[in-house]
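Atoms within each ligand, like the ligands themselves, are counted from 1 in listed order. Residue numbers start at 1 and run along the sequence shown.
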Amino acid sequence: MPALKVLALAGLSVLGAVSALQDSLQRPLVNVTHAPAIKPKPLVDSEALQASISGDKLLARAEELYEIAKLGEDEYNHPTRVIGSEGHLGTLGYIYTALARLGDYYTLSKQLFPAVTGNVFEFRLVLGHDVPESAQAMGLTPATKARQPERGDLLLVANDGCNPDDYPPTARGKILLIKRGSCSFGAKSERAGHAGAIAAVIYNSDRGPLSGTLGDPSAFHVATFGLSGDDAAPVVAKLQSGARVDASAYIDATVDRITTTNIIAQTTAGDPDHCVMLGGHSDSVAEGPGINDDGSGTLALLEVATQLAGFAVHNCVRFAWWSAEEEGLLGSDYYVAALTPRENRRIRVFMDYDMLASPNFAYQVYDARNDANPVGSQELRDLYVDWYAAQGLNHTFIAFDGRSDYDAFIRNGIPGGGIATGAEGLKTEAEAGVFGGTAGLEYDPCYHQLCDDVANLNATAWELNTKLVAHSVATFARSFEGFPERTDEGIQVAKRGAYSRKTKYRGSKLFI
Ligand code: DPN
Ligand code: ZN
């Protein structure tokens, strides 16, 4: 019996094969001669890849991304793509699906990592009889006890509040006023917690408002506010004269630990020992849909990745969509920390694309020089400069100070750089002269706000900068000729700390 069964099965499969053969013989001949020929793809070429970029396609994607951001409405009452939200999960799905459609051109991976996300629902600070307008709850601050207002005397902390001795022995149960400087906001909040304070107020050492983040949560953090130097000055004077100031602090906030995801796509073709890597961030802040920040970079990368699939490459191209940039560059930090020394070496250069379409834009190039950054950073900087010049356009240099996802690469010896179009900074007269737009107004008046929607994009800047992204990819996908080799020197520069001494930001947020 068993033998028969096998025979029967074998017979069936032979029959199946025969009928398939007959089928194919019966099909019109045209099908056979025109069987899909495997046409070799042309080697990627900058002009051709640039020509494939269309502003209309980008804008159509932006509309889709805004619809995805609306998935965040249930939980946040407005569109958002903040990590942990449905809007962010939808964004990840959108990126992954678009890449998966490109077949085996890319090897896709999802890298899961732990992240913290904070949400401030309400806050109020009262100092004496005043409610200082500049007071803001710090990012990742815990709530006040039982999420209720707490009253206590306001005490001035000595020096910068970085040392336990700076804290008065009477700090228990009080609200502490601490000057900005020398150590991180998180360290000050922790010291205030150790001293038994119920809340901390960190005031700016210069006049303007102070908004920042406490960074990594600590069990000793207390509810912490930022305050402008102007608002703090009269209160500091009063306390120094020995007068008593009573205060009330209230923060309703949560800090949650979640898992989130980086998406990485690497060409299956191309020399894997010589990769050009580029990234944008897939998340937004909680306050809005983040269509310019960083929908513009996210979608530029997706469009370039899609168009690149029509070409052959000599070197490997690796795209990254980082998560949790807005929470302090967490995704890119995690990725670089997880690289083995060998994997680190395979990345010849990292290019950051964050905020490419600001409405009141300037063409900004990170001023990444080889004396303070891994060698090769300056060659990349000059590639951008030369391209703008070839289009007859101006550019401005901006500080390469750790405000986006290039940070971990530079700190770990990998040359990097990038372009941007401006965030909360104000456009100068000179810039308005060369780029148009409005002097004295923010480059992006909707930065980190609800109005960062499709209407917030400058279509001209976006299309142009996406062509520059295409140029940067095509150039290095073809060849690294003339581009410095990776050497140990790069790591030495990073270790010397010329770069890290300048950085006051963890991503979009001040931390010190
Ligand atoms: N890293 C940007 C953000 O996500 O908020 C802000 C930024 C982008 C700042 C580019 C400077 C340059
Ligand atoms: Zn950003």
Side-chain angles (χ1 to χ4, degrees), residues 62 65 69 80-83 87-88 91 115 117-118 139-140 211-213 215 260 262 278-301 320-333 350-368 381 384 395-410 416-427 431 442-453 456-458 461-462 465 468-469 499 502-511:
L65 194 63
T80 178
R81 301 185 301 105
V82 68
I83 61 164
H88 188 239
T91 303
T117 167
L140 297 177
S211 93
T213 181
T260 186
N262 290 327
L278 63 160
H281 65 90
S282 63
D283 61 315
S284 75
V285 292
E287 286 78 3
I291 300 300
N292 181 33
D293 182 12
D294 182 26
S296 61
T298 284
L299 299 177
L301 259 63
W321 286 267
W322 310 119
S323 184
E325 189 269 358
E326 299 290 5
E327 315 301 318
L329 312 178
L330 304 186
S332 50
D333 257 10
F350 173 74
M351 314 187 292
D352 187 63
Y353 296 120
D354 188 4
M355 301 188 73
L356 303 186
S358 301
N360 191 30
F361 68 90
Y363 291 127
Q364 302 179 333
V365 176
Y366 289 123
D367 192 9
R381 182 194 78 168
Y384 299 127
H395 68 273
T396 55
F397 282 136
I398 54 161
F400 197 49
D401 59 0
R403 274 192 72 177
S404 193
D405 292 302
Y406 53 80
D407 186 72
F409 289 86
I410 298 299
I419 55 168
T421 50
E424 80 291 349
L426 303 181
K427 188 175 247 181
E431 286 172 336
E442 294 95 337
Y443 300 108
D444 182 353
C446 287
Y447 175 62
H448 285 183
Q449 293 168 55
L450 186 54
C451 57
D452 185 8
D453 54 20
N456 190 42
L457 297 164
N458 183 292
W462 197 16
N465 276 335
L468 179 46
V469 175
Y499 166 82
K502 292 189 304 207
T503 62
K504 289 198 169 113
Y505 286 94
R506 292 301 296 143
S508 58
K509 291 173 183 118
L510 274 177
F511 74 99

*side chain to side chain contact (heavy atoms under 4.5 Å, CB included) between E326 and S284, worked out*: CA-CA 7 Å; E326 299 290 5; S284 75; 5.6 Å; no

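For M355, every heavy-atom contact with ligand 1 shorter than 4.0 Å involves the side chain, none the backbone. Under 4.0 angstrom from ligand 1, there are no non-hydrogen atoms of Q364. Contacts between V285 and ligand 1 below 4.0 angstrom, taking non-hydrogen atoms only, are absent altogether. Residue F400 does not touch ligand 1, judged by heavy-atom distances below 4.0 Å.
Y353 and Y384 have perpendicular rings, their planes meeting at more than 60° on a 0 to 90° scale where under 30° would count as parallel. F400 and Y406 have parallel rings, their planes meeting at less than 30° on a 0 to 90° scale where 60° marks the start of perpendicular.
Nearest residue to atom 8 (C) of ligand 1 from D354, D405, L329 is D354 (criterion: closest heavy atom).
When all heavy atoms of G422 and M355 are compared, the pair lying nearest together is O-CE, 3.5 Å. Contact between I83 and A324 at its shortest, heavy atoms only, is CG2-N, 3.6 Å. Nearest heavy atom pair, residue N465 against residue L356, reads ND2-O, 3.1 Å.
Considering backbone and side-chain N/O of Y447, one or more are found under 3.5 Å from N/O of ligand 1.
When you scan the N, O or S atoms of D293 for the one nearest the Zn ion (ligand 2), you land on OD1.
Less than 4.0 angstrom separates some heavy atom of E325 from each of these atoms of ligand 1: 1 (N), 2 (C), 3 (C), 4 (O). Remark: ligand 1 atoms within the under-4.0 Å shell around heavy atoms of D293 are 3 (C), 4 (O), 5 (O).
Atoms CG and OG1, from D283 and T91 in turn, are 9.0 Å apart once rounded to the nearest 0.5 Å.
The Zn ion (ligand 2) has an N, O or S atom of D354 closer than 2.8 Å. Among the atoms of E326, no N, O or S atom is found under 2.8 Å from the Zn ion (ligand 2).
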